[in-house]
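Right, one structure below, let's go through it.
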Number of protein chains: 2
Amino acid sequence: MSLGWWTASYAEDMHQAVAARGRIDKRQAILDAAFTVFARAGYAQAGVDVIAAEAGVAKATVYSHFGDKENLLREAVAASADQALADNLAAVDRLTDRGTDLRATLEGVGLRLLQCYCDDRSWALRRLLSAEINQFPDLLDIIHTRAADRITETLADRLARLTVAGHLHTPDPLLAAEQFFALLCGPMDRRTRLGTRHLPDTELRALSRAAVDTFLQAFAPKRTETT
Amino acid sequence: MSLGWWTASYAEDMHQAVAARGRIDKRQAILDAAFTVFARAGYAQAGVDVIAAEAGVAKATVYSHFGDKENLLREAVAASADQALADNLAAVDRLTDRGTDLRATLEGVGLRLLQCYCDDRSWALRRLLSAEINQFPDLLDIIHTRAADRITETLADRLARLTVAGHLHTPDPLLAAEQFFALLCGPMDRRTRLGTRHLPDTELRALSRAAVDTFLQAFAPKRTETT
DNA sequence: ATATAACTAGACTAACCAGTCTGGTTAGGC
DNA sequence: GCCTAACCAGACTGGTTAGTCTAGTTATAT
């Protein structure tokens with residue numbers, strides 16, 4: 001019961017396995033709880049006791065795993081950035097698909113990306129970074145090198161290949177990638193009121209379509225129309 | 001001396017006037033100091049004693065003016081938002097200028113806006129909002145209704161008039177305004193590493209030019225070229 | 001001259017919390 | 001069956017800080 005999210009049957013099923021994997025499971029539970037509590041209350045206001053309770057773990061266990069509160073923040077943020085990276089790459093990777101028309105593909109990718117960025121954990125990560133960037137400047141490096149930069153570079157790669165294939169015209173693919181993200185996220189930030197409001201999927205689709213409209217007007221090939 | 005930013009000669013010159021205006025001057029000094037300290041340390045970590053010291057004022061004076069720490073935050077944020085609004089409107093208002101060519105005018109407005117958004121206090125305001133939006137959801141309303149919404153609406157108005165005059169083609173001026181801001185700020189966010197790095201004016205100019213390029217490709221009039 | 005109102009420095013309280021420690025429990029490896 | 005290592009609940013220390021209070025100062029208005 002005091003273990004929080006564990007159900008009794010889950011505890012029974014895992015009765016043996018949990019002992020072997022117990023340590024790593026606890027570590028993950030602590031990271032999840034830490035991210036949740038840090039995101040909810042902010043670093044300074046978040047109590048390590050609260051994190052421990054939310055993870056279903058004793059406070060001393062938290063310290064034995066992570067040493068101190070600062071390090072816990074860094075590890076929780078890093079884990080969350082890795083998660084975000086995976087989600088985003090899955091969205092951008094669909095841009096490899098050929099055969100369908102480019103506009104529809106871009107709109108699909110845009111929609112997936114918007115869904116990633118509208119996720120509560122994604123907003124929490126960005127807020128946490130903004131909030132603690134003065135006290136922990138290295139969080140910026142953690143997040144950018146682990147996630148943000150890779151995603152932008154991956155999209156730039158895709159745009160470059162589409163340009164080489166004659167489907168697009170992006171002389172500076174990195175800039176084009178930045179502008180694609182900007183056209184998606186700028187209007188979304190305003191509409192969601194910085195993530196405090198949830199948008200229905202239809203509205204996300206409209207945002208993606210508007211972004212792709214503008215993007216294609218700027219970066220569609222100039223001479224030859226695509227088939 | 002203990003009054004901080006006061007110079008001796010200033011104190012002499014204002015010897016009479018300061019008594020009459022002393023109360024309002026102190027109020028302003030407290031608001032400035034509060035914003036600075038909140039931005040530097042975050043709400044929870046900011047000590048009211050530190051704010052008082054930075055304002056050159058006793059702690060009790062802070063409480064007599066603002067009641068409690070939460071209210072002090074709100075008032076400091078509101079004052080800062082008003083300041084930001086004035087700066088931004090001054091930039092957007094130049095879009096009324098006729099006679100020069102539209103591209104150059106837009107690039108000039110873009111540059112001014114980037115300078116506004118790159119200002120330390122502007123970044124501090126956005127960070128503070130992100131950081132405390134969970135604990136103080138009303139900060140969002142304060143900032144949006146006082147500043148952000150008005151700026152976007154004002155730009156949308158300008159774009160609409162330019163469209164009516166045949167210099168642009170923006171069927172949805174509000175969306176176009178959002179996208180203009182997005183094209184400016186998205187790439188800038190990345191390049192400044194969320195405001196932790198300062199960009200030279202030449203780079204801001206390049207960012208503005210890139211944004212305006214894309215913007216005009218999407219929203220230049222389709223049939224008749226402007227003179 | 002005196003009443004009033006804003007201000008000052010600094011002491012004080014009550015609460016909160018990071019990090020440590022203690023003493024005891026559990027469970028797997030051998 | 002015992003050893004070890006991870007874990008538990010909860011107490012404890014030391015430092016920080018919001019908000020209050022006191023006693024004394026300054027300056028204006030009348």
Side-chain angles (χ1 to χ4, degrees), chain A residues 1-4 6 11-31 33-34 37-38 40-76 132 135-136, chain B residues 1-4 6 11-31 33-34 37-38 40-76 132 135-136:
Chain A
M1 286 305 171
S2 67
L3 292 174
W6 274 22
E12 272 174 35
D13 292 349
M14 301 298 274
H15 202 250
Q16 271 79 40
V18 87
R21 303 183 43 85
R23 192 169 164 75
I24 194 158
D25 283 356
K26 295 221 153 113
R27 187 185 163 87
Q28 193 55 51
I30 293 168
L31 285 174
V37 176
F38 282 141
R40 184 200 306 143
Y43 176 77
Q45 300 279 55
V48 178
D49 352 28
V50 176
I51 293 171
E54 189 125 341
V57 138
K59 191 162 71 150
T61 306
V62 175
Y63 280 98
S64 101
H65 275 273
F66 296 101
D68 64 5
K69 197 185 173 186
E70 291 195 9
N71 188 51
L72 178 57
L73 174 68
R74 273 182 257 269
E75 300 243 33
E132 310 302 340
Q135 337 292 323
F136 305 102
Chain B
M1 285 307 168
S2 67
L3 292 173
W6 274 23
E12 273 175 36
D13 292 351
M14 302 297 274
H15 203 250
Q16 271 79 39
V18 86
R21 304 183 42 85
R23 192 169 164 75
I24 193 160
D25 284 355
K26 292 214 156 123
R27 188 187 162 85
Q28 192 55 51
I30 294 169
L31 285 174
V37 176
F38 282 140
R40 185 200 306 145
Y43 176 77
Q45 301 279 55
V48 177
D49 349 28
V50 177
I51 292 170
E54 189 124 339
V57 138
K59 191 162 71 149
T61 306
V62 175
Y63 280 97
S64 101
H65 274 274
F66 296 101
D68 65 4
K69 195 183 174 187
E70 291 194 11
N71 189 51
L72 178 57
L73 174 69
R74 273 182 258 268
E75 300 243 34
E132 310 302 340
Q135 337 292 324
F136 305 102

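A note on names: the letters A, B, ... follow the listed sequences, proteins ahead of strands, and every chain is numbered from 1.
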task: Applying side-chain contact (heavy atoms from CB on, under 4.5 Å), name anything that partners A:Ala33, two or more places apart in sequence or on another chain.
output: A:Ile51, A:Glu54, A:Ala55
task: Using only side-chain N and O atoms of B:Thr61, determine if any of them is under 4.0 Å from OP1 or OP2 of C:dA6.
output: no
message: The criterion is ring pair (Phe, Tyr, Trp, His ring centres under 6.0 Å); which residues satisfy it with A:Phe66, sequence neighbours excluded?
response: none
field: salt bridge (charged side-chain N to carboxylate O under 4.0 Å, His left out) partners of residues 65-74 of chain A, not counting sequence neighbours, each pair once
entry: A:Glu70-A:Arg74, A:Arg74-A:Asp138
Would you tabulate the pairs of protein nitrogen or oxygen atoms and nucleotide nitrogen or oxygen atoms of nucleotides 15-18 of chain C closer than 3.5 angstrom?
residue: C:dA18; atom: OP1; partner: A:Ala46; partner atom: O; Å: 2.9
residue: C:dA18; atom: OP1; partner: A:Lys69; partner atom: NZ; Å: 2.8
residue: C:dA18; atom: OP2; partner: A:Val48; partner atom: N; Å: 3.0

message: Distance check needed: C:dG19 C1' versus A:His65 NE2, whole Å only.
response: 17 Å
message: Tell me every residue that passes side-chain contact (heavy atoms from CB on, under 4.5 Å) with B:Tyr63, counting only those two or more places apart in sequence or in another chain.
response: B:Val48, B:Lys59
Residues that A:Ala58 engages under side-chain contact (heavy atoms from CB on, under 4.5 Å), provided they are two or more places apart: A:Thr61
message: I want to confirm an ordering. Mapping A:Glu70 and B:Ala60 to their closest nucleotides on DNA chain C, which one lands closer to the 5' end?
response: B:Ala60
